[in-house]
There are 2 protein chains.
Amino acid sequence: MVTLSEENYLKAIYHLAKPDKASVSTNAIATKMLTKASSATDMIKKLAEKGLVDYQKYQGVHLTEKGRFAAVFVIRKHRLWEVFLVKKLNFSWDEVHEVAEQLEHIKSEKLTQQLDAFLDHPTEDPHGDPIPDCEGNLPSTQKILLAQIERAESCICVGVKDSTSQFLQYLDKHNIALGTKIEVLSKESFDESMSINVKNHQLTISKEVAHNLFVKIS
Amino acid sequence: MVTLSEENYLKAIYHLAKPDKASVSTNAIATKMLTKASSATDMIKKLAEKGLVDYQKYQGVHLTEKGRFAAVFVIRKHRLWEVFLVKKLNFSWDEVHEVAEQLEHIKSEKLTQQLDAFLDHPTEDPHGDPIPDCEGNLPSTQKILLAQIERAESCICVGVKDSTSQFLQYLDKHNIALGTKIEVLSKESFDESMSINVKNHQLTISKEVAHNLFVKIS
DNA sequence: ATAAATTTTTAGTCTTGTCTAAATTTTAAG
DNA sequence: CTTAAAATTTAGACAAGACTAAAAATTTAT
């Protein structure tokens, strides 16, 4: 049995470890969990005892296969609930995170399966993040940050990196949603701002925005 | 802020106090919560400090208006989720309780409201229990126990008192569901067993069954 | 009306998850 | 290569919610 707190730590470790295979530091975990390093150390020991992470003092942690699956399964539930909230209960994409943070801990295999079926087995959540299947596999996606585009080119918004409501509401305000076509017109080398065209409206976006929007070349 | 544990105690007190206005004893609460009397005392003190119950040492508790509302609101959420599970996710009525026990603690006003609307403002859960409205009012129902019927008479199943899966599965096996017409043929004074007719099948039910089935005279 | 039985409360302990402060280890700098 | 800085762990404490055992209050029965 994995407790609610343990699930949250596993998720944090999973997200921190995502890009590479490097070990995740105690401090990184504490920062992500908004707790102190000593609390993280305590929890790491519990996770290690349960076989959810590999841990050597002072050397950070790695998720074990068991830990990775537990983390991915919570993420699967989180994202399915987000889809439910947006598609069925008329939440907007900037309102779902908090509620999904609670719903993701509900324990019922049948609930998850049936919810998945009810939603027609979605593969992405409302922010464009992939939903792991029931075996814990993530559909591989090939998305790049808008900021990585260097020349005038056309692309499609496929996800957000930052999913705080501030950023999502900024996108709403400028009519940028998943699937929206974005034409890059130019990029300012001084401040990395970009001039783009969205639905026939020209718009200048900052480096910060460009670094938090995932696109695919169209 | 009311904790998960506090919500469960409030629910227990509400259910124990339901019929009359008498105070609820520490022991009764402890028994219902499957804990010890000392634990109940501890919690009662917390609830009293938060103004959720009126408490005098050795004299049991009463819910305050605030406490009653908190309890009813949790019950509202519980029953809405039960409807969701049965109507939308194909759960059967004997599978919903455990999951709803978890879902009832999710905190989001919007979630509850939207769920209620999504389900078309249901007034009853899958066991025939009334769903409080968002102001905490319960539709008054006039149902009686099947056991209270003394003569050959026709009635309709409108609810269950015991909603354990054992009992619900017994009802399934004998084709008794909410809305099913039940004709009372005779009652045995020796053991209070009853002979009834359901969908053209004659059936003898025990006192235990008759005392756990709510009906209304048709 | 008082003794016995029952109920309730108190006192002290435990576990989970957190904290602060101090000690230890690792990393980085000179 | 040695010391200063940063990161990590340990030690001890606390709050929530539970428990056991013992004390106190209430109820029941004679």
Side-chain angles (χ1 to χ4, degrees), chain A residues 1-17 20 22-63 67 70-71 74 101-102 104-107, chain B residues 1-17 20 22-63 67 70-71 74 101-102 104-107:
Chain A
M1 179 90 306
V2 182
T3 69
L4 188 146
S5 233
E6 287 166 355
E7 285 188 343
N8 284 332
Y9 273 92
L10 290 173
K11 247 196 326 170
I13 296 167
Y14 178 84
H15 285 306
L16 290 167
D20 41 42
S23 76
V24 179
S25 76
T26 302
N27 251 2
I29 296 169
T31 302
K32 186 123 196 170
M33 293 299 298
L34 307 177
T35 62
K36 297 302 163 74
S38 54
S39 307
T41 301
D42 288 345
M43 182 55 83
I44 288 167
K45 286 180 186 168
K46 275 175 222 158
L47 296 175
E49 270 185 21
K50 291 192 176 184
L52 295 161
V53 299
D54 290 324
Y55 170 56
Q56 309 227 105
K57 268 194 195 178
Y58 296 99
Q59 304 305 309
V61 298
H62 287 275
L63 288 176
V74 173
E101 285 287 300
Q102 299 177 62
E104 70 188 5
H105 300 291
I106 304 291
K107 282 170 176 50
Chain B
M1 177 90 308
V2 182
T3 70
L4 187 147
S5 232
E6 287 165 355
E7 286 188 342
N8 284 332
Y9 273 93
L10 290 173
K11 246 195 329 169
I13 295 168
Y14 178 84
H15 285 306
L16 290 167
D20 41 43
S23 77
V24 179
S25 75
T26 302
N27 251 2
I29 296 169
T31 302
K32 187 123 196 171
M33 292 300 296
L34 307 177
T35 63
K36 296 303 163 74
S38 54
S39 307
T41 301
D42 288 347
M43 182 55 83
I44 287 166
K45 286 180 186 168
K46 274 175 224 158
L47 296 175
E49 269 186 20
K50 291 193 177 184
L52 296 162
V53 299
D54 290 323
Y55 170 55
Q56 311 228 104
K57 267 193 194 180
Y58 295 101
Q59 305 305 310
V61 297
H62 286 276
L63 288 177
V74 173
E101 285 286 300
Q102 299 177 63
E104 70 188 5
H105 300 293
I106 304 292
K107 283 169 177 52

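Throughout, protein chains are lettered first and strands after them, A, B, ... in sequence-line order, and every chain is numbered starting at 1.
- B:L10 is not listed as a side-chain neighbour of B:V74, based on a closest heavy-atom distance of 4.5 Å or more.
- In terms of the side-chain hydrogen bond (donor to acceptor under 3.5 Å, both in side chains) criterion, residue partners of B:E104 (sequence neighbours excluded) are, by chain and number, B:K11, B:H78.
- Residue A:S5 is classed as a sugar-phosphate contact, given heavy-atom separations below 4.0 Å to backbone atoms only.
- On the nucleic acid side, DNA chain D has its first and last nucleotide under 4.0 Å of a heavy atom of chain A at D:dA7 to D:dT10, going 5' to 3'.
- Note on A:T35: only backbone sugar-phosphate atoms sit closer than 4.0 angstrom, heavy atoms only; bases stay farther off.
- One can place NZ of A:K36 at 12 Å from C1' of C:dA21, the figure rounded to the nearest angstrom.
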Return all side-chain donor-acceptor pairs below 3.5 angstrom for residues 32-39 of chain B, not counting sequence neighbours, or 'none' if the list is empty.
none

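- If you take CG on B:L4 and CD1 on B:I106, they are separated by 9.0 Å, rounding to the nearest 0.5 Å.
- Applying the salt bridge (charged side-chain N to carboxylate O under 4.0 Å, His left out) rule to B:K107 yields the partners B:E7; only residues at least two apart in sequence or on another chain are considered.
- Among pairs with a residue in residues 38-52 of chain A, those fulfilling salt bridge (Lys or Arg N to Asp or Glu O under 4.0 Å) read A:E6-A:K50, at least two apart in sequence or across chains.
- Of the inter-residue distances, the one linking B:N27 atom CG with B:L16 atom CG reads 11.5 Å to the nearest 0.5 angstrom.
- In this structure, the CD atom of A:E7 is 15 Å from the C1' atom of C:dG17, given to the nearest Å.
- The distance between atom CG of A:L34 and atom P of C:dT18, rounded to the nearest whole Å, is 11 Å.
- Residue A:Y55 holds its OH atom at 11.0 Å from CG of A:L47, rounded to the nearest 0.5 Å.
- Residue A:K46 has no polar side-chain atom (N or O) positioned under 4.0 Å from OP1 or OP2 of C:dT16.
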So which protein nitrogen or oxygen atoms get under 3.5 Å of nucleotides 9-11 of chain C's nitrogens or oxygens?
{"from": "C:dT9", "atom 1": "OP1", "to": "B:Y55", "atom 2": "OH", "distance (Å)": "2.2"}
{"from": "C:dT9", "atom 1": "OP1", "to": "B:Y58", "atom 2": "N", "distance (Å)": "2.8"}
{"from": "C:dT9", "atom 1": "OP2", "to": "B:T26", "atom 2": "OG1", "distance (Å)": "2.9"}
{"from": "C:dT9", "atom 1": "OP2", "to": "B:T41", "atom 2": "OG1", "distance (Å)": "3.0"}
{"from": "C:dT9", "atom 1": "O5'", "to": "B:Y55", "atom 2": "OH", "distance (Å)": "3.4"}
{"from": "C:dT10", "atom 1": "OP1", "to": "B:K57", "atom 2": "NZ", "distance (Å)": "2.5"}
{"from": "C:dT10", "atom 1": "OP2", "to": "B:K45", "atom 2": "NZ", "distance (Å)": "2.4"}

